[in-house]
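Okay, structure first, notes after.
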Amino acid sequence: MAYLSTDKVEHHFHDVVIIGSGGAGMRCALQLADAGHRVAIITKVLPTRSHTVAAQGGINASLGNIDSDHWHWHMYDTVKGSDYLGDQDAIEYMCRAAPLLVRELEHQGVPFSRLDNGRIYQRPFGGQSREFGEGGQAARTCAAADRTGHAILHSMYQQNLRAKTHFYQEFFALDLITDDEGCQGVMAWDIAKGEYHLFQAKAVILATGGAGRVFKVTTNAHICTGDGGALALDAGLPMEDMEFFQFHPTGIADVGPLITEAVRGEGGYLLNSEGERFMERYAPTARDLASRDVVSRAIAQELRDGRGCGLNKDHVLLKLDHLGKELIMSKLPNIHELALRFANVDCTRDPIPVQPTAHYTMGGIPTNRFGEVVYNKGRSKEGVFPGLYAIGEAACVSVHGANRLGGNSLLEIVVFGRACGNQVMKRLREHRYHPQLDTESWQSGVERVERWLSAATENRQGPGIADIRLRMQTIMQDHFSVYRTEDVMSEGVQHIEALAAEMEHAVISDANRLFNTELIEAMELENLMSLARVTAAGALARKESRGAHARDDYPERDDEHWMQHTLASIQKNKVKLAYKPVRTKPMTVESFPPRKRVY
Ligand SMILES: Cc1cc2nc3c(=O)[nH]c(=O)nc-3n(C[C@H](O)[C@H](O)[C@H](O)COP(=O)(O)OP(=O)(O)OC[C@H]3O[C@@H](n4cnc5c(N)ncnc54)[C@H](O)[C@@H]3O)c2cc1C
């Protein structure tokens with residue numbers, strides 16, 4: 001076993017360590033740094049390359065700049081959108097806080113697009129309504145053209161530089177350091193220099209983003225490998241609701257880059273091979289602006305029925321040329337560029353070929369609405385894991401339940417980034433000093449790296465990383481896609497488990513310590529594999545259709561048996577499933593009871 005003593009690792013002491021410099025990590029860091037705490041952000045890429053930068057369409061808040069709006073209507077839409085699996089206390093908290101947080105972003109420098117009267121521009125997005133579904137479509141999504149995430153992330157970075165947050169960039173988090181008292185810190189690897197760094201902290205926050213790279217065709221960046229979830233699983237904690245993976249209806253066919261829902265918000269619509277606006281059949285009222293699970297299933301159904309376009313009849317068309325060049329170039333310039341680059345289509349003239357594409361991880365590390373990581377403690381009790389927090393797409397609060405509404409994720413990251421920061425401050429008041437760490441406590445992080453490097457040094461033979469990754473992504477894509485059945489999924493579980501076993505013999509060929517990207521990809525694949533395993537097992541077990549989890553063999557939602565969250569952990573190298581009830585009681589208002597979901 002590789003063993004490292006204290007003089008071989010650089011030892012850092014911070015009040016708080018945040019893993020991830022996306023919108024969630026940076027909003028949280030800002031809250032803490034502005035209050036005078038010593039905050040570190042560890043990020044495996046340069047801060048502004050985090051996936052938040054790719055967010056296009058916007059962020060939801062009931063500002064009511066276009067037409068009257070109310071946070072309670074936003075809450076209703078979110079609960080309905082979640083197919084009643086969302087926790088209503090967290091949803092109420094988020095929707096109430098939204099207007100404040102968006103105005104705050106504006107003051108922090110986010111250059112939102114403007115209406116003629118100078119107010120923040122808002123566009124309609126899927127699943128948005130007024131007056132609890134009775135008042136027609138709402139326009140609730142605040143946008144900076146179609147580059148809203150870019151604007152938010154850069155403003156957050158600038159604010160953090162001002163607030164003197166410490167950035168450790170191109171550092172890869174290897175392992176959480178935990179003991180009987182909770183989480184004490186993180187072991188990390190400096191990618192450029194190939195050195196170990198031990199971070200000791202009174203609070204550790206996982207803000208590592210989503211895991212879209214579990215699937216083959218995804219809108220997610222290569223870095224979206226769910227590392228925080230895997231760290232939590234490694235620490236013996238469960239993942240919540242991982243079977244709910246959002247397929248965005250409009251990824252560019254074959255390649256995946258996202259064409260934002262804003263295109264449909266601005267008036268674009270979908271066509272099948274017969275030139276029919278088929279969404280009118282599936283969602284007579286909301287049509288192309290029904291929620292994402294509904295639109296993705298409608299497209300999948302059109303393809304199944306042979307009404308797909310192209311030689312392989314494997315996509316549909318998104319038409320927007322009728323919006324006019326001026327609107328497209330001012331409100332959707334990024335889409336114009338993406339369509340040109342990835343589909344060779346000038347969307348001011350021709351429709352864009354699109355298909356449902358893996359997009360968003362609704363599940364994640366279970367937390368309460370303060371960002372504290374929670375786990376099942378006995379039958380009906382929930383325990384808090386001391387010193388460990390999770391926020392953003394890595395977490396499952398759960399505000400999105402079985403299906404997220406567009407524009408609610410940028411909102412989630414700022415709302416819970418801030419809330420978590422405030423909660424951490426309470427802990428910091430009680431935990432003033434860093435405890436002495438046992439040298440043993442960080443050796444497993446060292447082991448993780450040395451295992452791969454020694455295989456390369458000794459030139460050991462075994463399956464390669466790229467090969468296993470592609471096989472894993474293909475299994476997930478083929479067996480856990482938009483429509484699911486028992487046979488296909490149980491075969492998928494077997495394949496994934498066999499591949500995970502094979503992974504134990506995998507090797508890399510590059511033994512270099514400096515900027516070894518193959519090593520990083522190997523560890524990311526370890527992380528993805530753990531998440532694929534819990535996703536697959538959770539999906540097979542859930543015998544109903546709800547939100548993004550649509551089963552041909554159980555086509556109905558089953559509230560009697562399945563209105564509960566899945567908790568999947570890996571114990572003794574086996575996936576174990578447990579469940580916990582949905583929090584149906586909001587903070588102050590009345591609960592929205594489950595109803596049939598029609599758009
Ligand atoms: C193409 C696209 C468009 C989107 N558009 C919208 C939209 O318009 N509206 C909306 O509401 N939502 C949108 N979303 C979703 C939303 O952008 C994301 O859910 C959200 O930005 C995630 O933010 P985050 O801070 O949780 O994580 P991210 O921004 O993904 O950041 C994760 C961070 O974790 C770090 N990290 C991860 N693993 C490690 C490790 N092992 N060691 C060190 N650091 C690590 C990374 O370096 C990174 O800094 C979109 C998503 C995509 C993919």
Side-chain angles (χ1 to χ4, degrees), residues 6 9-48 50 104 108 153 155-179 181-190 193 195-208 228 231 370-373 384-392 394-395 413-414 416-438 441-442 445:
T6 345
V9 296
E10 197 164 327
H11 198 152
H12 308 261
F13 295 88
H14 288 275
D15 289 332
V16 184
V17 166
I18 300 173
I19 310 176
S21 60
M26 291 227 260
R27 181 63 191 83
C28 185
L30 187 58
Q31 194 73 2
L32 288 154
D34 269 343
H37 297 292
R38 211 176 129 73
V39 184
I41 289 188
I42 299 176
T43 164
K44 65 180 175 179
V45 292
L46 300 184
T48 47
S50 306
E104 202 182 69
Q108 285 161 342
L153 195 66
S155 298
M156 282 296 112
Y157 185 45
Q158 288 158 4
Q159 291 291 339
N160 271 287
L161 291 178
R162 173 194 55 72
K164 306 232 174 334
T165 299
H166 300 254
F167 283 93
Y168 295 89
Q169 55 200 30
E170 296 186 327
F171 274 50
F172 190 89
L174 297 169
D175 195 27
L176 295 175
I177 296 166
T178 56
D179 61 18
E181 306 285 308
C183 188
Q184 306 291 3
V186 186
M187 188 65 171
W189 172 253
D190 178 344
K193 293 194 182 142
E195 289 167 358
Y196 294 99
H197 289 253
L198 172 62
F199 290 87
Q200 223 178 312
K202 300 159 196 168
V204 173
I205 302 167
L206 300 167
T208 47
L231 292 181
F370 309 105
E372 294 170 315
V373 173
V384 166
F385 195 86
L388 187 63
Y389 302 77
I391 45 175
I413 63 180
V414 290
F416 293 102
R418 176 174 170 276
C420 178
N422 288 336
Q423 188 69 10
V424 167
M425 282 187 226
K426 290 188 192 156
R427 179 174 165 85
L428 294 180
R429 268 180 237 133
E430 288 154 23
H431 293 79
R432 307 285 295 275
Y433 308 105
H434 294 101
Q436 183 81 26
L437 278 191
D438 181 352
S441 63
W442 69 76

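Bear in mind the structure is a predicted one, so any value in this text is a computation, not a measurement.
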Here the gap from Cys183 atom SG to Leu231 atom CG, rounded to the nearest 0.5 Å, amounts to 9.5 Å

For Leu176 and Ile19, the nearest pair of non-hydrogen atoms, with its separation, is CD2-CD1, 4.4 Å

Closest non-hydrogen atoms of Leu153 and Ser50, given as atom of the first, atom of the second and distance, are CD2-O, 3.9 Å

Separation between CD (Glu10) and CD (Glu195), nearest 0.5 Å, reads 7.5 Å

Scanning both residues in full, the closest heavy-atom pair of Gly182 with Phe385 reads C-CE2, 4.0 Å

Task: pair Met187-Val9: side-chain heavy atoms closer than 4.5 Å - done: yes

On a heavy-atom basis, the closest approach of Ala207 and Ile18 is CB-CG2, 4.2 Å

- Item | Polar side-chain atom of Lys202 near backbone of Arg432 as donor-acceptor pair, under 3.5 Å | yes

Hits for side-chain contact (heavy atoms from CB on, under 4.5 Å) against Gln200, two or more places apart or cross-chain, chain-then-number order -> His11, Phe13, His434, Pro435, Leu437

Taking every heavy atom of Cys420 against every heavy atom of Ile391, the minimum-distance pair comes out as CB-CG2, 3.6 Å

Side chain to side chain contact (heavy atoms under 4.5 Å, CB included) with Tyr389: of Ile205, Val16, Val384, only one passes, and it is Ile205

Tell me whether Glu104 is salt-bridged to Arg27, with the criterion being a basic N under 4.0 Å from an acidic carboxylate O. yes

- Are Arg427 and Pro386 side-chain neighbours, meaning at least one heavy-atom pair lies under 4.5 Å? yes

Below 4.5 Å, heavy atoms only, C-beta onward: do Leu388 and Thr178 meet side chain to side chain?
no

Between the CG atom in Asp179 and the CG atom in Asp438, the distance rounded to the nearest 0.5 Å is 9.0 Å

CG of Asn422 to SG of Cys28, rounded to nearest 0.5 Å, is 9.0 Å

Residues at least two apart in sequence or cross-chain that pass ring pair (Phe, Tyr, Trp, His ring centres under 6.0 Å) with Tyr168, listed by chain then number, are His12, His14, Phe171, Phe199

*Side chains of Phe167 and Met26: closer than 4.5 Å at any heavy-atom pair?*
yes

(request) Answer yes or no: is there a donor N or O on one side and an acceptor on the other, between the side chain of Gln159 and the main chain of Gln108, under 3.5 Å? (result) yes

Of all heavy-atom pairs linking Ser21 and Pro47, the shortest is OG-CA, 3.1 Å

When rounded to the nearest 0.5 Å, the distance separating CG of Leu198 from CG of Leu174 is 11.0 Å

Residues Arg38 and Asp15 bridged, charged N to O under 4.0 Å:
no

Distance col, row Ile42:CD1 vs Thr208:OG1, nearest 0.5 angstrom, shows 11.5 Å

Exercise. Take Arg162 and Asp34 through the test side-chain contact (heavy atoms from CB on, under 4.5 Å) and record every step on the way to the result.
Key: CA-CA 9 Å; Arg162 173 194 55 72; Asp34 269 343; 3.2 Å; yes

Sorted by chain and residue number, the side-chain hydrogen bond (donor to acceptor under 3.5 Å, both in side chains) partners of Gln169 (sequence neighbours excluded) come out as none

